[in-house]
Amino acid sequence: QCFEEKELSQECRDFISSLPRERGWIRAFSHHYQGFWISTMAIQGVLAFQKNFQAHDTDVLLVTPPKAGTTWSKAILFALLNRARHPNPQRHPLVANNPHTLVLTLELNLYNGNQVPDLTSFPTPRLFGTHLPYALLPASAKDSACKIVYMCRNPKDTFVSLWHYVNRAWSTSSAIDSLEEAFDMFWRGVSPFGPYWDHVSGYWKESLENPHKVLFLKYEDMKEQPTTNLRRLAEFLGCPFSPEEEAKGIVNDISTLCSFDNLSNQEVNKRGKGLYGEANEVYFRRGEVGDWVNYLTVEMTEKLDRITEEKFHSTGLKF
Ligand code: A3P
């Protein structure tokens, strides 16, 4: 992983030298690329992913804005797609592995090095994560029959979760001193893979125009009705639960396996380390809807509500 500009390839450094940039949330910078803010840590992987990824028709891409429930939805999709292979919840890979090591993120874990990764050994259906906005996805991801599952979360909880994550995971390299400063950046759209609103509305639009290609899910709906949304997901992915699976309670088993309480209490997630050496526990904080109320001032709330209303007004999207 390249955290600083000097660690990037010369080609990447040359390329980003022409891009507008702002201070990053974590070390180095945020680079304004094709209308979105990409951190120095992610930019090389983003460029390589765009250039080299060849989607298969059977692929499943999980897309999230950071802090919108990536860890949870990785667990859910992994458990759903591999349910026949791992029928025993006690011996499930999610008991011994953090979801981020089971489902890798294309730009951050696979295309981030100096070599183009060989993805041919991944079992079908290949399941990958990405934070890329729809507009930035490689052509083959858009043009092939691969499925895109998008999970997002209301902007206030997404922001508060991001703020906590940066402080908890990157305390020594966080570039942001206060909640107010973080808020100002998020509100101006300068957040990882942001502007948040453009990220969400890009996939929302696609999900309306192409519902067999893009499934749009909200964290809040998944929290409220996990089993209904699991069934929706399974149908969308072409692997609906059979009557036998329903009778055995597999839908509930997957929901319980992937729940915040179950995952956050696994030893690997309490004490294990992630792919960058970060503590896995940073991916589990409260896992609730509406925790923003404990952090945002009235002014911040009004400001975020106003911009969200303005940006989503004509789209029909509501949080
Ligand atoms: P909070 O900071 O609000 O607690 P991401 O996975 O995209 O990094 O998002 C992290 C957020 O998802 C954190 O939110 C985290 O607690 C929450 N989360 C992690 N696992 C979860 C789960 N199994 N169910 C619900 N929320 C979960």
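Atoms within a ligand are numbered from 1 in the order they appear, just like the ligands themselves. Please read all numbers here as calculations on a predicted model, not as lab measurements.
Using the six-membered ring where Trp is involved, F53 and F128 have ring planes that are perpendicular, over 60° apart on the 30 and 60° scheme.
Protein heavy atom at the shortest distance from atom 22 (C) of ligand 1 is W72 CG, 3.3 Å. Protein heavy atom in closest approach to atom 6 (O) of ligand 1: T71 OG1, 2.5 Å. The protein heavy-atom contact nearest to atom 16 (O) of ligand 1 is R285 N, 2.9 Å.
Using a cut-off of 4.0 Å between Lys/Arg side-chain N and Asp/Glu carboxylate O, D291 and K156 are scored as not salt-bridged. Under a 4.0 Å N-O distance rule, the pair E209/K205 qualifies as a salt bridge.
Side chain to side chain, W37 and S191 fail the donor-acceptor criterion of an N or O pair below 3.5 Å. Between the side chains of N269 and N98, a donor-acceptor pair is found at a separation under 3.5 Å. Q44 and N114 share a donor-acceptor pair across their side chains, judged by distance under 3.5 Å alone. Looking only at atom types and distance, the side chain of Y150 has no donor-acceptor partner in the side chain of E206 under 3.5 Å away. There is a side-chain donor-acceptor pair under 3.5 Å between T105 and K74.
Between D157 and ligand 1, a contact under 3.5 Å exists for no N or O pair. At least one N or O atom of G69, backbone or side chain, sits closer than 3.5 Å to an N or O atom of ligand 1. When only interatomic distances are considered, the shortest N/O to N/O separation between P66 and ligand 1 does not fall below 3.5 Å. Between E288 and ligand 1, no pair of N/O atoms sits closer than 3.5 Å.
For ligand 1 and F284, the ligand atoms under 4.0 Å from any heavy atom of the residue are 16 (O), 19 (C), 20 (N). The ligand atoms of ligand 1 that sit less than 4.0 angstrom from a heavy atom of R153 are 1 (P), 3 (O), 11 (C), 14 (O). Atoms of ligand 1 found under 4.0 Å from any heavy atom of G287, numbered from 1 in the order shown, are 1 (P), 4 (O), 16 (O), 26 (N). For ligand 1 and S259, the ligand atoms under 4.0 Å from any heavy atom of the residue are 23 (N). Taking every non-hydrogen atom of T70 and a distance limit under 4.0 Å, the qualifying atoms of ligand 1 come out as 5 (P), 6 (O), 7 (O). Of all the atoms in ligand 1, the ones that sit under 4.0 Å from a non-hydrogen atom of K67 are 5 (P), 7 (O), 8 (O), 9 (O). Under a 4.0 Å criterion applied to the non-hydrogen atoms of R286, ligand 1 contributes the atoms 4 (O), 16 (O).
Looking only at side-chain heavy atoms (C-beta outward), W204 and F216 come within less than 4.5 Å of each other. For the pair V103/L77, no side-chain contact is recorded, criterion being any heavy-atom separation below 4.5 Å from C-beta on.
Nearest to atom 19 (C) of ligand 1 by heavy-atom distance, out of Y283, Y219, F159, W292, is Y283. The heavy atom nearest to atom 13 (C) of ligand 1, out of those in P226, C258, S161, is found in S161.
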